[in-house]
Amino acid sequence: MRLAIKDGYNNAYSAIIDGNLTTIITGIVLFAFGSGPVQGFATTLVIGIITSMLTSIFITRLIFEAKLAKNKNITFDNSISRNFLKNTKIDFVKARKLCYGISLAVVIVSVASIAFKGFSYGVDFTGGRTFVLRFDKDVTPEQIRELANNEFGETVEVKQFGGASQMKITTKYKITDNSAEVDKEVESKLYNALKGCFAQEMTFEEFTSTVDNPNGIISSDKVGPTIANDIKRDAVIAVIIALIAIFCYIAVRFKNWTWGAGGLVALVHDSVIVIGFFSLFSGILPFSLDVDQTFIAAVLTIIGYSINDTVVIFDRIREYKTLYPKRDLKENVNLALNSTLARTVNSSGTTLVVMLAIALFGGEVIRGFAVALIVGILVGTYSSVFVGTPIMYDLNERKAKKEELKK
């Protein structure tokens, strides 16, 4: 057991460092191109990665060695998990063309939805004033929309935000004027339009302050159109830079551009499907799927998570290539995928449990972020095994054939 723990840690260092550094890259990009809450999220992400990496490398080993020093028994499984995905012999490389076809079909549907249906943009990307209102009785978006449109004299976006008594209202009324007087005017118009929708009468002061009343305006946000365009541009740049940076890191780290290309294709695959999901199911699912800064943070987090999984598989392939240099690449790839399969499923499963808890109990504001991560974890786990690694294999095989022809 002492030798197993020592070898386990020594052999895991490269995968731990590579996997976490690629995620830190996305955190740095998030911090550089995000603003406000997104920068806060990026800071927390990077600190969390560094601390968890240190605890996984040093603290856990100290605990194991302390137990061994006292001759205590250490087990890493139980009767239920002992043979879980053990000694699997799945031919992943053989199934790659079928998986390419499935992925291509889903990507085409995603791109079609993005092109023809578009997105439900949050205020970050459109500009406007957004208010979340709580009513003391059930109301419908149609009812609130009609009253608000009549008052403002223009189309007002209204969405159910949580239960039937809570609505999110976005208006572009005089958005180019940032004065406090216009802010008050918009709030007054909302009050005049919607005061009849409350079971209990309230004053304007009660309507605009949850200190005096738990109903009325419970949150508000304002983004000018110029700022909104800048945020949208920076979001696109952030995703592109993160993808390029990770491609370069993997290509250098594994000393071959084909490894970086495999990882890059998997990340683009994941990003397109997650973005397409938000386009396709916007207005269908019973909660907000707005595309805003928080969504971009989710996409970049998914990129970091997905490449982490891919790097672990790549690291095992590199290890097997060193141990068994005379074996075909196909055999080493299949062996690496099968030997890391339990780790892949366990990592994704434990992360999904956390994200499902956040999606169910974390509240409406963070639900879209949690759903994006859930979809990303599922797609990212699939792409690491069935897209990124097979792409790397195909590119290496083509490269080897070209080199043989030159000889």
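It should be emphasised that the depicted structure is a prediction, and the values quoted were computed from it without experimental measurement. Counting begins at 1 with the first residue of the sequence.
Of all heavy-atom pairs between G216 and F198, the closest is N-CE2, 3.8 Å. Closest approach of A261 and L395 over heavy atoms only: CB-CD1, 3.5 Å. Nearest heavy atoms, G380 versus S383: O-OG, 3.0 Å. The shortest heavy-atom contact between N11 and S14 is O-OG, 4.0 Å. Heavy-atom minimum distance, L300 versus V239: CD2-CA, 3.8 Å. When all heavy atoms of I377 and T351 are compared, the pair lying nearest together is CD1-CG2, 3.5 Å.
In this structure, the side chains of E142 and R145 come closer than 4.5 Å at one or more pairs of heavy atoms. Using a 4.5 Å heavy-atom cutoff, the side chains of K321 and P325 are not in contact. L335 is not listed as a side-chain neighbour of R316, based on a closest heavy-atom distance of 4.5 Å or more. Annotation: side chain of L356 is in contact with side chain of I374 (closest heavy-atom distance under 4.5 Å). Using a 4.5 Å heavy-atom cutoff, the side chains of P390 and K97 are not in contact. Taking 4.5 Å as the limit, every side-chain heavy atom of Q143 sits out of range of all side-chain heavy atoms of D138. Looking at heavy atoms from C-beta onward, R129 lies out of side-chain contact with T170 at the 4.5 angstrom threshold. Residues D309 and T344 are in side-chain contact: their nearest non-hydrogen atoms beyond the backbone lie under 4.5 Å apart.
Shown here are the salt bridge (charged side-chain N to carboxylate O under 4.0 Å, His left out) partners of R398, two or more places apart in sequence or in another chain: there are none. Taking the salt bridge (charged side-chain N to carboxylate O under 4.0 Å, His left out) definition, one finds that E187 meets it with nothing, sequence neighbours left out. Taking N396 as the reference, N256, T258, W259, L329, M392 meet the side chain to side chain contact (heavy atoms under 4.5 Å, CB included) condition, with sequence neighbours excluded. By the side chain to side chain contact (heavy atoms under 4.5 Å, CB included) test, D91 pairs with V93, K94, K330, N334, sequence neighbours left out. Taking the side-chain hydrogen bond (donor to acceptor under 3.5 Å, both in side chains) definition, one finds that S384 meets it with T310, sequence neighbours left out. Applying the ring pair (Phe, Tyr, Trp, His ring centres under 6.0 Å) rule to Y9 yields no partners; only residues at least two apart in sequence or on another chain are considered. S103 is linked by a side-chain hydrogen bond (donor to acceptor under 3.5 Å, both in side chains) to H269, Y382, counting only residues two or more places apart in sequence or in another chain. Qualifying side-chain hydrogen bond (donor to acceptor under 3.5 Å, both in side chains) partners for T88, counting only residues two or more places apart in sequence or in other chains: N338.
Within the structure, the ring-ring contact (aromatic ring centres under 6.0 Å, His included) test picks out the following pairs touching residues 80-108 (sequence neighbours left out): F92-F386. Contacts classified as side-chain hydrogen bond (donor to acceptor under 3.5 Å, both in side chains) and involving residues 238-250 (residues at least two apart or in different chains) are given here: D18-Y249.
A donor-acceptor pair under 3.5 Å is absent between the side-chain atoms of N20 and the main chain of I50, judged by distance alone. No side-chain donor-acceptor contact under 3.5 Å links S306 to the backbone of I302. A distance-only check finds no donor-acceptor pair linking the side chain of D315 to the backbone of V311 [under 3.5 Å]. Counting only distance, with no hydrogens or angles, the side chain of D270 and the backbone of G376 share no donor-acceptor pair below 3.5 Å. The main-chain N or O of S282 is found under 3.5 Å from a side-chain atom of K117 such that the two form a donor-acceptor pair. The backbone N or O of T51 lies less than 3.5 Å from a partner atom in the side chain of T55, making a donor-acceptor pair. A distance-only check finds no donor-acceptor pair linking the side chain of S348 to the backbone of V345 [under 3.5 Å].
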Could you go through residues 104-116 and list every donor-acceptor pair under 3.5 Å that involves a side-chain atom there, pairing it with any protein atom two or more places apart or in another chain?
from: S110; atom 1: OG; to: V106; atom 2: O; distance (Å): 2.9
from: S113; atom 1: OG; to: S279; atom 2: OG; distance (Å): 2.8
from: S113; atom 1: OG; to: L280; atom 2: N; distance (Å): 3.2

Which atom pairs, one a donor and one an acceptor, fall under 3.5 Å between side chains of residues 62-73 and the rest of the protein, sequence neighbours left out?
from: E65; atom 1: OE2; to: R61; atom 2: NE; distance (Å): 3.2

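Interatomic distance, Y173 OH to E151 CD, rounded to the nearest 0.5 Å: 8.5 Å. Distance CG/D234 to CZ/F33: 7.0 Å, rounded to 0.5 Å. Of the inter-residue distances, the one linking L190 atom CG with L133 atom CG reads 6.0 Å to the nearest 0.5 angstrom. Between atom CD1 of residue I241 and atom CD1 of residue I25 there is a gap of 12.0 Å, rounded to the nearest 0.5 Å. The line from CD of E319 to CZ of F314 is 15.5 Å long, rounded to the nearest 0.5 Å. The structure places OG1 of T389 at 5.0 Å from CD1 of I317, a figure rounded to the nearest 0.5 Å.
Side-chain contact annotation: S165 with R134, donor-acceptor N/O pair under 3.5 Å absent.
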Inset, instruction - Start with the C-alpha distance between K399 and W257, add both sets of side-chain angles, then the distance that settles side-chain contact (heavy atoms from CB on, under 4.5 Å), and finish with yes or no. - result: CA-CA 11 Å; K399 185 179 177 183; W257 67 269; 4.2 Å; yes
Inset, instruction - Mind running side-chain contact (heavy atoms from CB on, under 4.5 Å) on Q166 and V132 for me, showing each step along the way? - result: CA-CA 7 Å; Q166 202 161 286; V132 176; 4.0 Å; yes
Inset, instruction - Take Y191 and T208 through the side-chain contact (heavy atoms from CB on, under 4.5 Å) test and state the conclusion after the steps. - result: CA-CA 8 Å; Y191 174 71; T208 56; over 6 Å; no
Inset, instruction - Begin from the C-alpha positions of L285 and F277 and carry the test side-chain contact (heavy atoms from CB on, under 4.5 Å) through to its verdict. - result: CA-CA 11 Å; L285 294 178; F277 176 89; 3.9 Å; yes
Legend entry - Trace of the ring pair (Phe, Tyr, Trp, His ring centres under 6.0 Å) decision for F369 with F295: CA-CA 6 Å; F369 176 80; F295 171 76; 9.6 Å; no
